Asks: 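Take a look at this one; I'll ask things after.
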Amino acid sequence: MRRGIRLANVGGGIALLLTANAAPARNMVKRASATARPAPSNRQLSGADIDRRVEALLKQMTLEEKAGQLAQYSVGTPTGPGTGRDDYETLVRTGAAGSLLNVVGAQETNRYQRIAIEQSRLKIPLLFGFDVIHGHRTTLPIPLAMASSFDTELVERAMRLAGSEAAADGIRWAFSPMVDIARDARWGRIAEGSGEDPLLGAAMARAYVRGYQGASLAEPTSVAASVKHFAGYGGAEGGRDYNTVDMSDVSLRQVYLPPFQAAVEEGAATLMSAFNTLNGVPATANSYLMTDILRKEWGFNGFVVSDWTAVAELVNHGIALDGPAAAHRALTAGVEMDMESHLYGPEIPRLVREGKLGQAVVDEAVRRVLRVKFALGLFEHPLVDEKAAAYVATPEKRELARRMAEESIVLLKNEGGVLPLPSSGRKIALVGPLADAPVDMLGVWSAKGEPRDAVTLRAALEHRLADGKGTLRYARGTGVLGADTSGFQEAVAAAAASEVVIAALGEDTSMSGEAASRTRIDLPGNQLQLLEALAATGKPVVLIVFSGRPLALTEAQVHATAIVQAWQPGIEAGHALTNLLWGEVNFSARLPVTFPRSLGQVPLYYNHFNTGRPAGKTDLTRPPAGPAEKYVSRYLDERNTPLYPFGYGLSYTTFDFTPPTPSASTLSARAVQKQGQDVLRVKTQVRNTGKVAGTVVAQLYLRIQGASTAQPVRQLAGFQRVALAPGESRTLEFTLGFKELSFFDSRASRVVEPGTRYDLWVGDSSEATQHASFTME
Ligand code: NOJ
């Protein structure tokens, strides 16, 4: 048995382990956790004071009251298949509910809270949870859009606003961020996450947690984050929601877990377990995930809530014969709170009394829930101010929402510089089902967002072109879905009478998000036909795509002179878009997901493996001419490349990069292992080569070759947003350390291996060409 140096990341620290090559991955984990005990992930959840209070309370609790703290019920509009109950007040009064979801508003939450703190025996406050996903009342762009900004500071500010608005509504627990890596555009929930890249996903995960939880959970404006869905949910087979997930431990750890680990390191107070099975074991009963990795390796000291009815669904998964067995499996695997399965409340006491469940397991779960309640200051401040001023979308809130949207909207095509539009005197036709659809600007999971707050493209254009600054002809043309062409004529007439056409097409809000997977990802309904008809007028067509996923725009781009990917941009949609279209603000967003040419390529992602027979320079636009072109990894009828790659986005200016210069041409694997972070500096100079100011997202990619496991052809190793005046250049420095330079070996241990070569590229997309390399010895 060969022995080698392996590195395990134990609770944020790094332990050097001597391991036998034959050791299976799970033993590896055990060994790692036995080596060193990870520090608690959030210090606010531990400490003598909290411990003392928790233990004192625990001593007074009956078994039923303990189970009650672990039970969460939905009151109000359900966000899953309804489980029907109407005795919520009794549940709270008798201490049988520890948390409620979907109750929102100071008055409503206070009403239930008063019952808890005045009428229940132990007066333990309730924790109210809600799907605050991309804003609470002030609706910001959807998460996939916000990830396009690559601006973690702005996202943190945006989430701070979201959390504080939720807190004013009595909500101290946001079911966010969703950090599931998604590589499949069919999956509707791709809209809710930060895309396909683990490094960007991890950076965004941290930003959300910092924004929600602030400097202290106890601040009345802070909310506890719930990082979801643990884990692997984005890998659902066929992109069908709730479907089976089967992946290697290496993929799990290298691709899907980094954002979760980052969020835990950032102190996330709670996690939500996923619906799917992961390698045969439902995530909600998966002790490898929730006990071995989450607690033993990462030191997580918050609690895990199940997803909606996910505990009861263990019966459907076939790993529990009945509800009590499902409750037993979930709790013992590490799910402390049961969302809406209505099982923990009645079944936990029964299981304990029957001797099937240890009291200690229950106590530990209750401790974790109570710690979060104490840390949030709920015992001191259980109620919220009912007289606080009603919500107003103030200029400051709008300004933040607008900036977030401006940084989220991606320019994909701009033929002949049709954009920016000239400042005045233009005749514009605005066409399409999404030109004046406020609800579709808010997007999926828009919490308490109100369509009346949303500024549509039509409203913003009317305002901008008022007072003779231009002429606007609006025609809806068609619906999002359907085959009715009766509106085409009016739309084409408007186009013919104008100088430029703005076509607002794409998906409506209901077409992405949970339970919204699709088998077609091109423009829905007859919108492509409408686009063709508009283009046939000979007028330049600026296509604005509203969607919660990457659509296959291959045919659309033939007819569109310019393409703007607007996602679902939130309440400031219209203002942000017009600012960008007129060039008053420059485009700076970059794609956080790959845009495929066609559905048949999906899943398509930039950080794929090379295969043993890469297509290389083979011309994939024609059928293979001979064996050298045939026996490669390719399609007969489509290229391998995306339509628009990860990290891509245009600007009104251009940027130039010098080749990256690493601070060393050789690194020692041992030194990297020892030193941890900050091992290698990579410098590059970026210059704004155009005529206007702009912000570039400088991206550093790396590839590792010669390692014991295949590594992606490229992976993001760092990014920076850099604002540059015309002609200005700046030297950028990226710092790489163990995290960026290591990878997972076949036993799923994080390692740096001697004898490997590292290639680096720097530029402003995943197709960056400026290159350098170094070796690891
Ligand atoms: C189910 C979804 O999967 C989850 O993301 C959400 O937080 C819960 N329902 C609560 O609404």
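As the structure lists them, so they are numbered: ligands from 1, and atoms in each ligand from 1. If you're wondering where the values come from, they're calculated on a predicted model, not measured in any experiment.
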Asks: What does the list of residues with a heavy atom under 4.0 Å from ligand 1 look like, ordered by chain and number?
Replies: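 Ligand 1 pocket, heavy atoms under 4.0 Å: T79, L101, D131, F175, R189, K228, H229, M272, F275, D307, W308, M339, W445, E514.
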Asks: Any donor-acceptor pair under 3.5 Å linking the side chain of N279 with the backbone of M247?
Replies: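 Side chain of N279 to backbone of M247, a donor-acceptor pair under 3.5 Å: yes, one is there.
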Asks: Using a strict threshold of under 4.0 Å (side-chain N to carboxylate O), is an ion pair present between K228 and D131?
Replies: yes
Asks: I'd like to know whether the aromatic ring centres of F175 and F130 sit less than 6.0 Å apart in this structure.
Replies: no
Asks: Salt bridge or not for E364 and R295, using N-O below 4.0 Å?
Replies: no
Asks: Could you check whether R183 makes a cation-pi contact with Y605, meaning its NZ or CZ is under 6.0 Å from the centre of the six-membered ring and within 45° of the ring axis?
Replies: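 Flagged: R183 positioned over aromatic ring of Y605.
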Asks: S273 versus V335: any side-chain heavy-atom pair under 4.5 Å?
Replies: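 Side chain of S273 against side chain of V335, heavy atoms only: contact under 4.5 Å found.
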